[in-house]
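Just so it is clear, the structure is predicted and the values come from calculations on it, not from any experiment.
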Amino acid sequence: IRMIKYDRILTIGLIILEALYFCMIKSLPEKAAKYPLFVLALLIILTIALGIKSFTTKIEKEKSEIFQGFQGKQFIFIVVLSAIYIFGIEKIGFFISSFVYLIVIMVGLKSNIKWAVISSIVFCLLIYSIFVVFLKVPVPNGILI
């Protein structure tokens, strides 16, 4: 299913939001602006990639529905688990909650358990390195960490 029209609209919308985000960042002190600028740079890179893909691909006429193949059980599973994760961050800590959340989500979506554990560990280490070590951003500790 090609969603080129929607990708083009999304690209334009994201560029507008990123411009507004940049205007808001300009008013921050230099140290406080590091993380928002990092996020903005990532958003811009991803938006450029989406724009290149969507504006260089020709639109083919095909009949499709936006929610074709929608799986309600998986959607509800992710929404409920995400809500539990958000509340769990404060109770048991960000890293333990994130680790467990990622494993459960990936296994629930039929991923290999070994790869779910490995990618969860790598993700948590990456987040720890970037936010706690490099940017020195405090994360919720909870009762376990």
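Under a hydrophobic-cluster definition in which Ile, Leu, Val, Met, Phe, Trp and Tyr are linked whenever side-chain heavy atoms come within less than 4.5 Å, directly or via other members, Val137 and Val133 are assigned to the same cluster. Hydrophobic clustering places Ile130 together with Phe123 (ILVMFWY residues linked when any side-chain heavy atoms are closer than 4.5 Å, directly or through intermediates). In the hydrophobic cluster analysis, where Ile, Leu, Val, Met, Phe, Trp and Tyr join through side-chain heavy atoms closer than 4.5 angstrom, Ile105 is grouped together with Ile121. The same ILVMFWY cluster, assembled from side-chain heavy atoms under 4.5 Å apart, contains both Leu43 and Phe22. Hydrophobic cluster membership is shared by Val132 and Ile127, with clusters built from Ile, Leu, Val, Met, Phe, Trp and Tyr side chains linked at under 4.5 angstrom.
Tyr85 and Tyr101 have parallel rings, their planes meeting at less than 30° on a 0 to 90° scale where 60° marks the start of perpendicular.
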message: Is there a side chain to side chain contact (heavy atoms under 4.5 Å, CB included) between Thr11 and Tyr6? Walk through the geometry before answering.
response: CA-CA 8 Å; Thr11 300; Tyr6 299 108; over 6 Å; no

message: For a ring-ring contact (aromatic ring centres under 6.0 Å, His included) check, start with the C-alpha distance between Phe131 and Tyr35, then their side-chain angles and the critical distance, and finish with the verdict.
response: CA-CA 9 Å; Phe131 291 100; Tyr35 173 68; 5.1 Å; yes

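We find the CG-CE distance between Leu17 and Met24 to be 10.0 Å, quoted to the nearest 0.5 Å. Rounding to the nearest 0.5 Å places CG of Leu46 at 8.5 Å from CD of Glu18. To the nearest 0.5 angstrom, Leu42 atom CG is 10.5 Å from Thr47 atom OG1. Rounding to the nearest 0.5 Å places CG of Asn141 at 12.5 Å from CD1 of Ile92. Note that NZ of Lys53 is 11.0 Å distant from CZ of Arg8, once rounded to the nearest 0.5 Å. A distance of 4.5 Å separates CD1 in Ile103 from OG in Ser120, rounded to the nearest 0.5 Å.
Taking 4.5 Å as the limit, every side-chain heavy atom of Met106 sits out of range of all side-chain heavy atoms of Trp115. The shortest side-chain heavy-atom distance between Ser119 and Leu102 does not fall under the 4.5 Å cut-off.
Other residues, nucleotides and ligands place no more than 12 heavy atoms under 6.0 Å from the OH atom of Tyr128. Annotation for Ile113: atom CD1 does not count as buried by contact number, only 12 or fewer foreign heavy atoms lying within 6.0 Å.
Closest approach of Ser54 and Asp7 over heavy atoms only: CB-CB, 3.5 Å. Of all heavy-atom pairs spanning Ser97 and Gly88, the tightest one is OG-O, 3.0 Å.
Exactly one residue among Leu37, Leu14, Val39 makes a side-chain contact (heavy atoms from CB on, under 4.5 Å) with Tyr21. That residue is Val39.
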